[in-house]
Engineer: 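For reference, the structure I am asking about is given below.
Computation of the quantities below employed the complete heavy-atom set of this structure, encompassing side-chain atoms and omitting hydrogens, waters and symmetry-equivalent molecules.
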Amino acid sequence: MEKILIHTYKSPLGELILGDYQGQLCLCDWAFRKMRNTIDTRIQNALNAEFQVGNTELIEQTISQLKEYFEKKRSNFNLPLLLVGSEFQRSVWQKLMQIPHGETRSYLGLSKELGNPDAIRAVASANGANAISIIIPCHRVIGSDGSLVGYAGGMDAKKRLLKLENAKTIVNKDQMGLF
C-alpha cells in the first residue's frame, strides 16, 4: 500500500496536519476539526494509501511558506497540490484559489462564478470538505450578508486569518459590502 507521509505543524492559530503524497501536498488541515476522520478516510481511500508519520522536503517547504504567510511576508503559495475529491469539489477548490489575498466571496457569489447560482449548499459543502486549509483559502468565503460563517479551524481562526490578510470587502459581481 502507498504511503502519505504526515507531519504536524503548530501554527500561530492551531495545529495543522500536513500530508505529502508522492511529492504533492494532499493535506494541510486543522488537526482538531469536526470532520477530521471523514477527511482522512476520503484521502486515504481515494489514493489507496495510508498515513505514516514522517517528514519530507515538501512538508518543510510548506511549513516555511506557512510561517512566511503568518509573518505577512507571503500572500500566495507556490506548492504542488493534489486535490483529492469529486470533480465538483475540485472545481470549487480551484475557484477558491482564485480569490485574491485580502478579498472575500460569498457562497452565492461562488455559485454564480461556477455557473450554477442554485448550488449554494453544494458549494458550502465542498468548501467545508477542503483538506488544504489556508493554502486553498476557504476562510475567504463568507455569508451573502457579510457575516462570518463556519470554518473547520473555528471562527476565531477564521477571523484572525481575515484580519491577517486585511480582508475588508465582499467582492463579487452582484454585491459589495463591509463586514
Side-chain angles (χ1 to χ4, degrees), residues 1-99 101 110 114 121-141 149-165:
M1 184 171 269
E2 296 287 333
K3 302 289 183 202
I4 301 166
L5 295 176
I6 61 167
H7 185 81
T8 57
Y9 163 61
K10 291 186 188 326
S11 84
L13 302 184
E15 192 170 308
L16 295 165
I17 301 172
L18 308 176
D20 177 341
Y21 179 74
Q22 300 180 351
Q24 295 178 294
L25 189 71
C26 65
L27 186 63
C28 176
D29 204 9
W30 302 98
F32 302 106
R33 71 175 291 173
K34 288 180 185 173
M35 293 176 55
R36 176 79 277 130
N37 192 48
T38 303
I39 300 288
D40 293 348
T41 300
R42 182 187 81 223
I43 291 170
Q44 290 176 84
N45 288 343
L47 299 176
N48 193 27
E50 60 188 14
F51 290 157
Q52 179 179 313
V53 174
N55 203 353
T56 66
E57 185 177 321
L58 174 61
I59 287 173
E60 288 303 316
Q61 185 181 10
T62 302
I63 291 170
S64 176
Q65 289 192 21
L66 285 165
K67 285 180 179 177
E68 290 171 356
Y69 169 82
F70 285 114
E71 293 168 356
K72 295 186 175 188
K73 296 177 182 172
R74 172 178 293 277
S75 57
N76 294 300
F77 295 89
N78 181 20
L79 299 162
L81 303 180
L82 178 60
L83 309 182
V84 181
S86 70
E87 185 177 334
F88 179 78
Q89 287 172 326
R90 290 190 312 271
S91 72
V92 171
W93 301 332
Q94 290 287 346
K95 193 58 75 178
L96 291 173
M97 287 190 284
Q98 295 172 15
I99 303 172
H101 184 270
L110 279 177
L114 289 162
R121 287 180 191 227
V123 167
S125 178
N127 199 54
N130 175 25
I132 307 179
S133 290
I134 302 172
I135 295 165
I136 298 178
C138 53
H139 61 277
R140 295 180 187 154
V141 182
V149 290
Y151 183 61
M155 293 305 289
D156 183 58
K158 183 171 186 158
K159 288 176 192 173
R160 291 172 65 189
L161 287 167
L162 291 171
K163 184 176 181 182
L164 178 76
E165 296 181 2

Engineer: For Ile39 versus Ala129, what's the shortest heavy-atom pair and its separation?
Structural biologist: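 Scanning both residues, the minimum pair turns out to be CD1-O, 3.4 Å.
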Engineer: Which pair of non-hydrogen atoms, one from Ala157 and one from Tyr151, has the smallest distance, and what is that distance?
Structural biologist: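 It is CB-CE2, 4.2 Å.
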Engineer: When rounded to the nearest 0.5 angstrom, what is the spacing between CH2 in Trp30 and CD1 in Ile134?
Structural biologist: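 It comes to 4.0 Å.
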Engineer: Show the nearest heavy-atom pair for residues Asn78 and Gln65, with the distance to one decimal.
Structural biologist: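 Closest approach of Asn78 to Gln65: N-OE1, 2.9 Å.
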Engineer: Identify the heavy atoms of Leu110 and Lys95 that sit nearest to each other, and give their distance.
Structural biologist: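 For Leu110 versus Lys95, the nearest heavy atoms are CD2-CG, 3.6 Å.
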Engineer: Could you list all the salt bridge (charged side-chain N to carboxylate O under 4.0 Å, His left out) pairs where at least one residue sits in residues 12-24, not counting sequence neighbours?
Structural biologist: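 Of all non-adjacent pairs touching residues 12-24, those that pass salt bridge (charged side-chain N to carboxylate O under 4.0 Å, His left out) are Lys10-Glu15.
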Engineer: List the atom of Cys28, the atom of Leu18, and the distance in Å for their closest heavy-atom pair.
Structural biologist: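 So the two residues come closest at SG-CD2, 3.5 Å.
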Engineer: Between atom CG of Leu81 and atom CG of Leu27, what is the distance when rounded to the nearest 0.5 Å?
Structural biologist: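 CG of Leu27 is found 11.5 Å from CG of Leu81.
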Engineer: Let me confirm one number: the NE2-CG distance from His139 to Leu13, rounded to the nearest 0.5 Å.
Structural biologist: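 Taking NE2 in His139 and CG in Leu13, the distance rounds to 9.5 Å.
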Engineer: Who passes salt bridge (Lys or Arg N to Asp or Glu O under 4.0 Å) against Asp29, sequence neighbours left out?
Structural biologist: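 Per chain and number, Asp29 pairs via salt bridge (Lys or Arg N to Asp or Glu O under 4.0 Å) with Arg33, Arg36.
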Engineer: Check Val141 against Lys158 and note the closest heavy-atom contact, atom names and distance.
Structural biologist: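 Where Val141 meets Lys158 most closely, the heavy atoms are O-NZ, 2.5 Å.
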Engineer: In Å and rounded to the nearest 0.5 Å, what is the CD1 to CD distance from Ile136 to Gln94?
Structural biologist: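 So the CD1 of Ile136 and the CD of Gln94 are separated by 7.5 Å.
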Engineer: Sub-3.5 Å donor-acceptor pair from the side chain of Trp93 to the main-chain atoms of Val84, do we have one?
Structural biologist: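 Between the backbone of Val84 and the side chain of Trp93 there is no qualifying donor-acceptor contact (under 3.5 Å).
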Engineer: What is the distance from atom CG of Asn127 to atom SG of Cys138, rounded to the nearest 0.5 Å?
Structural biologist: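 It is 5.0 Å, given to the nearest 0.5 Å.
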Engineer: Restricting to side-chain contact (heavy atoms from CB on, under 4.5 Å), what partner residues turn up for Ser75, sequence neighbours left out?
Structural biologist: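 Checked Ser75 against side-chain contact (heavy atoms from CB on, under 4.5 Å); matches are His101.
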Engineer: Which donor-acceptor pairs under 3.5 Å do the side chains of residues 2-9 make with protein atoms, sequence neighbours left out?
Structural biologist:
from, atom 1, to, atom 2, distance (Å)
Glu2, OE1, Gln22, NE2, 3.1
Lys3, NZ, Glu50, OE2, 2.4

Engineer: Sequence neighbours excluded, which residues qualify as salt bridge (Lys or Arg N to Asp or Glu O under 4.0 Å) partners of Lys73?
Structural biologist: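 Salt bridge (Lys or Arg N to Asp or Glu O under 4.0 Å) list for Lys73, sorted by chain: Glu71.
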Engineer: Sort out for me which residue in Leu66, Thr62, Ile132 forms a side chain to side chain contact (heavy atoms under 4.5 Å, CB included) with Leu79.
Structural biologist: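 Going through the options one by one, the only one that passes is Thr62.
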Engineer: Does anything in residues 58-68 form a salt bridge (charged side-chain N to carboxylate O under 4.0 Å, His left out)? List the pairs, not counting sequence neighbours.
Structural biologist: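 Applying salt bridge (charged side-chain N to carboxylate O under 4.0 Å, His left out) to every pair that reaches into residues 58-68, excluding sequence neighbours, yields Glu68-Arg74.
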Engineer: Could you name each residue pair satisfying ring pair (Phe, Tyr, Trp, His ring centres under 6.0 Å) that touches residues 33-89, not counting sequence neighbours?
Structural biologist: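 Non-adjacent pairs meeting ring pair (Phe, Tyr, Trp, His ring centres under 6.0 Å): Tyr69-Phe77.
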Engineer: Rounded to the nearest 0.5 Å, how far apart are CZ of Arg140 and CD1 of Ile99?
Structural biologist: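 Taking CZ in Arg140 and CD1 in Ile99, the distance rounds to 7.0 Å.
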Engineer: Name all residues meeting the salt bridge (Lys or Arg N to Asp or Glu O under 4.0 Å) criterion together with Glu57; count only those two or more places apart in sequence or in a different chain, and write none if there are none.
Structural biologist: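 Result, salt bridge (Lys or Arg N to Asp or Glu O under 4.0 Å) vs Glu57: none returned.
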